Structure formats: C-alpha cells, structure tokens
Chemist: 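Structure provided below as structure tokens; questions to follow.
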Amino acid sequence: MSRTLSIAALAASLSLLLAACGGKAPATAGDAEGAAKAAATDASATDAQQQLAAKLNAYIGCFNTVDSDVHRSAKAYTGWIKDLQAGPTGRETRVYGPSEIDSYDIKQCDGPITEAMAAKPALSGLDAAAGRYLQALKALAPISHDVHDYYDRLDYEDDQFAKGKQLHAPLMAAFKDFASASEAFNIELERQNDAAQREQLKVLEQAEGRTREYYRLAMMLEAKAIMDMMGEDDFDVARARERLDVFNRISDEAHAKVADQEPGKLDWNSFEREAENFRREGKERLQRVSGKVPYTDFEQRMLASPSMAPSGSAGRLLHIYNALVFQSNRQ
C-alpha cells in the first residue's frame, strides 16, 4: 500500500471560552438595546466557535490515535512481500503480520466520530470523509486481526502459507480502502482546522491580546506551514527561509513574554524545547536542500525510519514536528 501523504499529527483546535471584549464604557439607556444585541451576537459567535472546535477536536483525536499506526502496520506487512499483487509465495524467511487495531483504537474513533458527524456545524465534505474513514477502519480491523494472529502464532509453518495466501487479497483491499479514506479525511480535516485556527487566532488576540494560548496557536500554524512546504526536496528555498524566520520571531517573542508565567510554566517549557528542536531541524533541512547535500549510503537506508531519519531530511523534520504537536496538544 502506498502512502501518499505524510504521517503528520494534527494540532488540536483551540477551544475558546471568550467573553465579549472589555474596556468599553457602560451602556446608557439610549444605547442599552444596541449593547444587548451586540452581546447576544458575541455570545452566539462564541458558541459557534466552541461547537466547531469540539467537532474538529473529536475528529483530530481519532486521526492522531490510529492513522499513523495503521500506515506503519501496512508498511511492515507489505515490506517482506515481493509481489503485492501475487501475495506471499510461501518461500519467505522473514514475515511480519499487520498490527492489530484493538478495541481502544475503535473506541477512540467510533463514538467521537459518530457524535461529531451529527453535531453542529454541518460540514458536508469533512463529515462525509470522517464517516468513510470510520467505516474503512472498522472494516480493516477484523481482517488485520486474523492476519496478525496467523503470523504471530506461526500458523504459516503448519499450512505452508495456505491461509496467508487466502487472506492476502482481502487484507490488501482493506488497506487500500483505508488509505484512500485516510487521504480524503486528512485533506478535509487539515483544511477545516487550518481555517478555524487562523480565525481563532484573530479572535483571541482581539479579545485577550497575545497570551500564551495565542503564541501556542501562532507557533503551531507557522510550524505546519513550514512542514507543508519543506516536506519535499523541491521546495522554494527563499520562501522556506522566510517562513523559518517568521517562526523564529514568534517563538522568540513568546519566550520573552510568557515563558515564565505560572501556572503551567513546566508544560510550556516542554513545548518550547520541542519548538527549539523544530527550528534547528528546519535550519538543517534548509541547509541540506539549498546546498544539495547528498545522503550517504547509511543515511539512505535510514530515510524510511521516522526516529532514525538523518538530519536535514523530510522524515526527520516530520518526526520532530510530530513531537511538537504532541507537546502543543498537552498545553
């Protein structure tokens, strides 16, 4: 099964509980009606933002829990089969079954996605993609379980791969359907979440100024823009350098203004450490691509390993970005 999109975790939408902006003079009898209408409008907008954030976070929670694991499982299974169309020959000496999709994984997706699909606001494209994703995940679970047990219990030694050959085609069909659903869900979810976060960033700054939450969200939006741009080797170096400069500036400003605030100082420091790792690796990535620095033979072999990918590679930047997302979602 080919993987057509990067296995990037998604930063959770900011859940806003904003009051109307303060600093205004008390309303007089003459403008009380107008003030009341404005307050009602503000409350309605805040409710809508809360509903959208809750919906997106439910989808993101499922996606971040299961998606990368399923793709790694597919990669492990298909890695030892020379001809995926034909399936295992029975002469292989090293075999790997897919990982199980357990009840915890299904629980993280089934209820939350079902509820989010029915919740307001209705987002037809995203809701449909989420439904297909859940359906594909639930269809994949039993066949991957059967294949996992078959290879984990070494049953292929008893029947000369007969059942393994029988299960291969339905497993690959399920993997293919999941990959297609995953890509569509990822695209819709990223599009909606990016737009929501940028709108939330403006509202947050207007209502409360540049708080710690403002900086966290601003840094994550810039980090994602960098990741999207630098995920391939043919990115525009000048534009990437500009993006890195923006990320560095907002990170420096955040450190100067909110790093020592309590409560939450230790958690924020953990987030800042991952942000520092990301900015350093972004620089390494920029230098490798701009300098056209080739990978050594050893580095070539490590490119497919997220944790062992060489410095300056897209895989290494993605690995560090996902660590940054994890810390962001803990804030």
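Start at 1 with the first residue, then count along the sequence. For clarity, every value in this text was computed on a predicted model and none was experimentally measured.
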Chemist: Check step by step if side chain to side chain donor-acceptor pair (under 3.5 Å) holds for Gln135 and Arg132.
Modeler: CA-CA 5 Å; Gln135 183 180 24; Arg132 184 185 169 203; over 6 Å; no

Chemist: Got Phe63 and Ser182 here, is their nearest side-chain heavy-atom distance under 4.5 Å?
Modeler: yes

Chemist: Is it the case that one hydrophobic cluster holds both Leu137 and Tyr104, taking links as side-chain heavy atoms less than 4.5 Å apart, direct or via other members?
Modeler: no

Chemist: Can you tell me how far the CG atom of Asp127 sits from the CD1 atom of Ile113, to the nearest 0.5 Å?
Modeler: 10.0 Å

Chemist: Heavy atoms only: give me the nearest Ala136-Asp177 pair and the separation to one decimal.
Modeler: CB-OD2, 3.6 Å

Chemist: Within the distance-only criterion (no hydrogens, no angle test), does the side chain of Arg216 pair as donor or acceptor with the backbone N or O of Gln331 below 3.5 angstrom?
Modeler: no

Chemist: Can you tell whether the side chains of Arg285 and Asp233 come within less than 4.0 Å, N to carboxylate O?
Modeler: yes

Chemist: Check whether any side-chain heavy atom of Glu272 sits under 4.5 Å from a side-chain heavy atom of Asn269, and report yes or no.
Modeler: yes

Chemist: For the pair Thr78 (side chain) and Ala74 (backbone), establish whether a donor and an acceptor sit closer than 3.5 Å, ignoring hydrogens and angles.
Modeler: yes

Chemist: Can you confirm whether Glu262 is buried at CD, in the sense that more than 12 heavy atoms of other residues, nucleotides or ligands lie under 6.0 Å from that atom?
Modeler: yes

Chemist: Does the side-chain contact (heavy atoms from CB on, under 4.5 Å) test come out yes or no for Val70 and Ile101, once each step is laid out?
Modeler: CA-CA 8 Å; Val70 174; Ile101 300 169; 4.2 Å; yes

Chemist: Heavy atoms only: give me the nearest Pro88-Ile81 pair and the separation to one decimal.
Modeler: N-CG2, 4.1 Å

Chemist: So do Asp69 and Ser99 actually touch side chain to side chain, heavy atoms under 4.5 Å?
Modeler: no

Chemist: For the pair Asn248 (side chain) and Leu244 (backbone), establish whether a donor and an acceptor sit closer than 3.5 Å, ignoring hydrogens and angles.
Modeler: yes

Chemist: I need the Glu299 CD to Asp297 CG distance, nearest 0.5 Å.
Modeler: 9.5 Å

Chemist: Charged N to carboxylate O under 4.0 angstrom, Arg316 versus Glu284?
Modeler: no

Chemist: Flag the pair Leu52 / Leu123 as yes when at least one side-chain heavy-atom distance between them is below 4.5 Å, and no otherwise.
Modeler: yes

Chemist: What's the separation between atom CG in Asn277 and atom CG in Leu317, rounded to the nearest 0.5 Å?
Modeler: 11.5 Å

Chemist: Does some side-chain heavy atom of Arg91 sit less than 4.5 Å from a side-chain heavy atom of Phe161?
Modeler: no

Chemist: Parallel under 30°, tilted from 30 to 60°, perpendicular over 60°: which one fits the rings of Phe247 and Phe278?
Modeler: perpendicular

Chemist: Could you please spell out the steps behind the side chain to side chain donor-acceptor pair (under 3.5 Å) verdict for Ser180 and Glu183?
Modeler: CA-CA 5 Å; Ser180 177; Glu183 182 171 11; over 6 Å; no

Chemist: Would you say His255 has more than 12 foreign heavy atoms packed within less than 6.0 Å of its NE2?
Modeler: no

Chemist: Angle between ring planes, Tyr156 versus Tyr151, binned at 30° and 60°: parallel, tilted or perpendicular?
Modeler: tilted

Chemist: Do any N or O atoms from the side chain of Gln49 and from the backbone of Asp47 form a donor-acceptor pair under 3.5 angstrom?
Modeler: no

Chemist: Could you walk me through whether Asn329 and Asn64 pass the side-chain contact (heavy atoms from CB on, under 4.5 Å) check?
Modeler: CA-CA 11 Å; Asn329 289 347; Asn64 282 353; 3.8 Å; yes

Chemist: Less than 4.5 Å apart, side chain to side chain, heavy atoms only: is that true for Leu56 and Leu126?
Modeler: yes

Chemist: Quick one, Lys224 with Asp228, criterion salt bridge (Lys or Arg N to Asp or Glu O under 4.0 Å). Give me CA distance, side-chain angles, the key distance, then yes/no.
Modeler: CA-CA 6 Å; Lys224 184 179 181 301; Asp228 289 345; 2.8 Å; yes

Chemist: Strictly distance-based, threshold 3.5 Å: is any side-chain N or O of Thr114 a donor or acceptor partner for the main-chain N or O of Asp110?
Modeler: yes

Chemist: Identify the heavy atoms of Glu274 and Ala323 that sit nearest to each other, and give their distance.
Modeler: OE1-CB, 3.5 Å

Chemist: Which distance, rounded to the nearest 0.5 Å, do you find between the CD of Glu222 and the CZ of Arg249?
Modeler: 9.0 Å

Chemist: Assess whether a salt bridge exists between Asp158 and Arg153, defined as any Lys/Arg side-chain N lying under 4.0 Å from an Asp/Glu carboxylate O.
Modeler: no

Chemist: Any salt bridge linking Glu242 with Arg239? Criterion: basic side-chain nitrogen under 4.0 Å from a carboxylate oxygen.
Modeler: no

Chemist: Decide whether Leu217 and Val246 are clustered together by the hydrophobic rule: side chain heavy atoms of Ile, Leu, Val, Met, Phe, Trp, Tyr closer than 4.5 Å, transitively.
Modeler: no

Chemist: Any salt bridge between Arg279 and Glu276, counting N to O under 4.0 Å?
Modeler: yes

Chemist: Strictly distance-based, threshold 3.5 Å: is any side-chain N or O of Asn57 a donor or acceptor partner for the main-chain N or O of Ala53?
Modeler: yes

Chemist: Give the cluster check for Phe235 versus Tyr295: same hydrophobic cluster or not, with ILVMFWY residues linked at side-chain heavy-atom distances below 4.5 Å.
Modeler: no

Chemist: Can a donor-acceptor pair be found, under 3.5 Å and without considering hydrogens, that links the side chain of Lys55 to the backbone of Pro121?
Modeler: yes

Chemist: Could you label the plane-to-plane angle of the Tyr77 and Trp80 rings as parallel, tilted or perpendicular, counting under 30° as parallel and over 60° as perpendicular?
Modeler: perpendicular

Chemist: Do Tyr59 and Tyr133 pass the ring-ring contact (aromatic ring centres under 6.0 Å, His included) test, and can you show the C-alpha distance, the side-chain angles, and the key distance before you say yes or no?
Modeler: CA-CA 10 Å; Tyr59 288 152; Tyr133 184 82; 9.5 Å; no

Chemist: Would you find a donor on one side and an acceptor on the other, under 3.5 Å apart, between the side chain of Arg191 and the backbone of Asn186?
Modeler: no

Chemist: Write down the atom of Met219, the atom of Ala275, and the distance for their closest heavy-atom approach.
Modeler: CE-CB, 3.6 Å

Chemist: If you round to the nearest 0.5 Å, how far is CG of Asp149 from NZ of Lys163?
Modeler: 8.5 Å

Chemist: Is there a path of hydrophobic side-chain contacts, each under 4.5 Å between heavy atoms of I, L, V, M, F, W or Y residues, that connects Met229 with Met220?
Modeler: yes

Chemist: Quick one: does His168's side chain have a donor or acceptor within less than 3.5 Å of a partner on Leu84's backbone?
Modeler: yes

Chemist: Between the main-chain N or O of Gly61 and the side-chain N or O of Thr65, is there a donor-acceptor pair closer than 3.5 Å?
Modeler: yes

Chemist: Which heavy-atom pair separates Ile106 from Ala141 by the least distance, and what is that distance?
Modeler: CD1-CB, 4.4 Å

Chemist: Could you walk me through whether Glu253 and Tyr215 pass side chain to side chain donor-acceptor pair (under 3.5 Å), step by step?
Modeler: CA-CA 8 Å; Glu253 182 181 326; Tyr215 285 116; 2.5 Å; yes

Chemist: Out of curiosity, Leu140 CG to His145 NE2, how far, rounded to the nearest 0.5 Å?
Modeler: 12.5 Å

Chemist: Can you confirm whether Trp268 sits close enough to Gln261 that some side-chain heavy atom of one is under 4.5 Å from a side-chain heavy atom of the other?
Modeler: no

Chemist: Please report the shortest heavy-atom distance between Gly282 and Met230, naming the atom on each side.
Modeler: O-CE, 3.5 Å

